[in-house]
Amino acid sequence: MTFPKAYIASEYEKNIYKLWEESGLFKADPNSSKPHFSMSMPPPNETGSLHMGHALFLTLQDIIARHQRQLGKDVLWLPGTDHAALPVNALMEQQLTEQGTNKHEIGREEFKKRTKEFVGNSRNQIISQMRAMGTSADWDKLRYTLDNTLNRCVNEVFFRMFNDDLIYRKYRIVNWDPKLETTVSDDEVEHKEETAPLYTLQYGPFQITTARPETKFGDKYVVMHPDDERYKQYKHDDTFEVEWLNGKVTAKVIKDEAVDMSFGTGVMTITPWHDKTDFEIAERHGLEKDQIIDFTGKLLPIAGKFSGENIEDARPKIVEKLDKLGLLIGVEDKPHNLAVNSRGKGVIEPQIMLQWFVDVNRPAVEWKGQKRSLKEVMRAVVEDGDIKIIPKRFEKIYFHWIDNLRDWCVSRQIWWGHQIPAWRKKGTDDDYVAFRNSTEAENKLGTKNIERDPDTLDTWFSSALWTWSTLIDKVYYEGDKDHEPHRRDNLESLLERSIDFDKYHPTTVMETGYDILFFWVARMILATTYTLRSAGLDEEKSLPFKTVYLHGLVRTEEGRKMSKSDPDSIIDPMEVIPEFGTDALRLALVAGTTAGTDQRVGKSKILANRNFANKLWNIARYIQETVGNNRGEPAPKSLADHWILNLLSISSEAVKKALANFKFHEAYEILYHFVWDDLADWYIEASKTEPNREVLNHVLETTLKIAHPFAPFVTETIWQNLEFEGLLAAQLWPEAADFDHTKAKQFDELKNIISEARRITVAVGVNKPTLLYAKSGLIEQNKELVKRLGRLGDVVEAAKPRGMRLVGAKNDAWLDIDPQIVKAYLANLKVAQKEQERFVKLLESRLSNKAYMQKAPDELVEQTENELRQAKKQLDTISNQLKSMS
RNA sequence: GGGCAAUUAGCUCAACGGCUAGAGCGCUUGAUUCACAUUCAAGAGGUUGCAGGUUCAAAUCCUACAUUGCCCACCA
């Protein structure tokens, strides 16, 4: 096959991917005798299209997966998609509105049916986009967060937690999104700072401040700090009459430490139904709670004539009324934190509702000989080092989150998701009871006339089971009809029969973004440790993963977040790929990545990395054209051969080590410099004097292997073009070839001579000067090489020194340049001399420092001594040269 | 309010106690059609945010400050 001049990625990538996929090498084999390595892919939303965040994690995980295969492991990289409950549900409801209908009109089943159709199409799109990234996942094992197997697991976990009293259904104050009409968890609430008017109102003898006058209708408690001297004449439980919004109310004094004395007047009224703090105060003192706002954000009859009005519309009118009543004392604009739903951006309205919660404080998990709460286990696994988080600083953040964690509200009022597996007798007010499925519910409740809780579960409840639920053999549950007998199997037996679970759990690595540490990583730890321990597995097996690597956000070149609301800020990977190639994109992403840190990516970075792919291509092209694809034992002959084999072995080891430590960026940098600087600019150029077919091919072959995890497409394309055996993707990590260290070092000396000759030539502006050398085996034997690479007119032995001495070389050599011209270089030389003197002094002072000699490691001292010797020698050379010129 | 991080060349970032602080992009000068102009060679450019301290040795550790970003939190 021929090599066109430039590597045009789009011409090869699709075919190359097909080749890999058809070869089956992405498939994991649980029966393999190789060591197993496993990693779950964070499932992208099935409705989304691939963005830079996906591109980053696919790149990093693909590097991990391909590298692990190279290390001779059986690799399972399990892909999936997420049903993205909230966004999809919102999208569907919006569609229905556009069609002039709504979910209640078409009914739950129809809603689910239409949603399934809708997402089914877009799922294929994102999967094909993942393939375009080169994703070497095992597609046969593709899972979905709303498939039957996961549903089976969700029901099982819910059922178990319910029976362990870890799940309860109670009235609690929750975050309610009136726009999407559902609750959201604490973690999904975002606080957005905005400036809003803060009203001061007269409430009986007190002045109170509020940002939300529309919630004040039912206020009948006035709260102050027990130690507040200003109000010591008022006693807890004192009552008094207040002229209020809708006439007279009887107010009661409450003393509570939650009040901040320094804020405003130190007095506040409370709205327990719509405020978390107020709710807690009310709970502490057994106060009444009145609902003011309904679940769609409208005022209730308690608001009198404002009843039925939207709070936004009613607020100014209410303020007006307060003013008329003479109750409004003042208004002041103040910064204020607005709680919004991070998903749909609806403004959160706290409400007291009957919801399902996961109790995080109840000791319920047997963990290392102790009964511990979910919180405690989450803490322990990281504290004990059973799970390692990279970078480590996120461990602190994780602990802090755990310490502040409250019970997790898991029920949602949307329809798209896993419906809560809890039933009761139809038409009753009985408490719902959890069962694994409806048949069990019918049997246990003793009637077929049952109803199921209409709510669905938080999408993270199912995602939390991702690492192990995806390893349960589908055959045991998919298509319930055919496998009816297994439906009633308990979790223990499902796990036991699933060979993947046996071989691949816990997963080796979890690679994901730090932004979902709490949402996902923490919840996987919570649910997995609980469930698997309760199924009788040991602690080790019950971990979801052993190492968590967290990457950062991909930002624009200007450091902005890429966001949908700002389309110009977005770099679409699916546009980059056809233009620059997948490898260019992957390399650009790797080049800027450090664990836990955001990175900026722009076109210029992608371009630079396309050039690297092209460099590899042209190295191969050159070798193919000059020596063909001669393979065979590499027998190094020239000094350059030894030198490159040495560097190849050093670089290969360094890349491997960096990857083992998740230092992707470092690994790539080592590779980059080896390929571009050492291989292309020195070895290949040197080899033009004395091409060594076997070594050239060996170095190319090895380089392709090392580069493959980073740039799979171009390396595999080259491999195929050169008709090397099999697939590059199936090759093992290379072993080092033999070479001679002394000869490798001699080439470094040649490099020194050549570099300096070039430098002087350019600096004094002569063309192709002659290099003179004192009797020297090294230069003499490599005359041609030195002449060509040094861009010299000739290289000849000289009886007497003449011209410009090469001061950096160990061998005596001079550039035969007119003394007049040489003088032009004098200044450079003087600078060099000064620098060298400074360096010598530095080393000398270091060595004459007693403390240094005593305390520094011997190795370092020895190294310093060597350096000093060399530095002195070079200083002499420079000085001598200067002397001869003056 | 609490916590975490960042601050290094014009820009984007590496070095995380020990070679004269490095790379990519950009810039300057030059080369060349012999693998690659998606090239090659050479060069300029840094008191590592500021002030102290610890150490034989500090960009790196400690303290304070400044600026920026992020996370968490019930200030009505």
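Counting any heavy atom pair closer than 4.0 Å across all strands shown, A:K5 reaches sugar-phosphate atoms only and no base atom. Residue contacts for A:A680: at a heavy-atom cut-off of 4.0 Å it reaches a base atom on one of the strands shown. Nucleic acid contact for A:K688: base, since at least one base atom lies under 4.0 Å from a heavy atom of the residue. Among the heavy atoms of the strands lying under 4.0 Å from A:W676 are primed sugar atoms or P, OP1, OP2 only; no base atom is included.
A salt bridge is defined here as a Lys NZ or Arg NE, NH1 or NH2 lying under 4.0 Å from an Asp or Glu carboxylate O, and A:R621 with A:E625 meets this definition. Here A:D403 pairs with A:R379 in a salt bridge; the nearest charged N to carboxylate O distance falls below 4.0 Å. Under 4.0 Å is where a charged nitrogen must lie from a carboxylate oxygen, and between A:K220 and A:D290 at least one such pair does.
Rounded to whole Å, the C1' atom of B:G46 lies 13 Å from the corresponding atom of B:U20. For the C1' atoms, the distance from B:A6 to B:G45 is 24 Å, rounded to whole Å. Separation of the C1' atoms belonging to B:G10 and B:C62 is 33 Å when rounded to the nearest angstrom. Atom C1' of B:G24 sits at a distance of 15 Å from the matching atom of B:U8, rounded to the whole Å. Here the separation of B:U48 from B:U60, taken at their P atoms, is 10 Å to the nearest Å. Nucleotides B:A9 and B:C25, compared at atom C1', are 12 Å apart to the nearest Å. Across B:A51 and B:A14, the matching P atoms stand 24 Å from one another, rounded to whole Å. B:C19 and B:C65 have their P atoms separated by 31 Å, given to the nearest Å.
You'll find the ring centres of A:F713 and A:Y12 outside the 6.0 Å limit. In summary, the aromatic rings of A:F279 and A:W273 are positioned with their centroids too far apart to meet the 6.0 Å limit. Between A:F674 and A:Y683, the distance from one ring center to the other does not fall under 6.0 angstrom.
Counting to the nearest Å, the C1' atom of B:U39 and the CD1 atom of A:I684 are 13 Å from each other. Rounded to whole Å, the distance from NE2 on A:H551 to P on B:A5 is 20 Å. Rounded to an integer number of Å, the gap from CZ of A:R610 to C1' of B:U39 is 13 Å. Rounded to whole angstrom, the span from the CZ atom of A:R788 across to the C1' atom of B:C40 amounts to 13 Å. Taking atom CG of A:N618 as the reference point, atom C1' of B:U33 lies 14 Å away to the nearest angstrom. Per the geometry, CD1 belonging to A:I516 stands 17 Å off C1' belonging to B:C70, to the nearest Å. Remark: P of B:U38 and CD1 of A:I619 are 17 Å apart, rounded to the nearest angstrom. Nucleotide B:A42 holds its C1' atom 15 Å from the CD1 atom of A:I754, rounded to whole Å.
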Legend entry - Sequence-aligned protein contact record of nucleotides 71-76 of chain B, with B where the base is within under 4.0 Å of a protein heavy atom and S where only the sugar-phosphate is: SSBBBB

Inset, instruction - At under 4.0 Å between heavy atoms, which parts of nucleotides 8-23 of chain B does protein reach? Answer with one letter per nucleotide, 5' to 3': B base, S sugar-phosphate only, - none. - result: ----SSS---BSB--S

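Looking at A:T195 and A:K334, their side chains never bring a donor and an acceptor atom within 3.5 Å of each other. No hydrogens or angles considered: a donor-acceptor pair under 3.5 Å links the side chains of A:T582 and A:E13. Side-chain contact of A:N175 with A:D186: a donor-acceptor pair under 3.5 Å is present, judged by distance alone. For the 3.5 Å distance criterion, the side chains of A:E867 and A:T864 fail to qualify, holding no donor opposite an acceptor.
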Inset, instruction - Check the pair A:H285, A:D256 against side chain to side chain donor-acceptor pair (under 3.5 Å), reporting the backbone distance first and the verdict last. - result: CA-CA 9 Å; A:H285 304 286; A:D256 194 285; 2.7 Å; yes

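Closest of all the heavy-atom pairs between A:A871 and A:L843 is CB-CD1, 4.3 Å.
Donor-acceptor pairing under 3.5 Å, judged by distance alone, is absent between the side chain of A:K396 and the base of B:C4. One can find a donor-acceptor pair under 3.5 Å joining the base of B:A35 and the side-chain atoms of A:E685.
Between A:I606 and A:E579 the shortest side-chain heavy-atom distance does not fall below 4.5 Å.
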Legend entry - Dot-bracket notation for RNA chain B, counting Watson-Crick and G-U pairs under 3.5 Å, with | for partners on another strand: (((((((..((((....[...)))).((((((....).))))).....(.(((..]....))).))))))))....

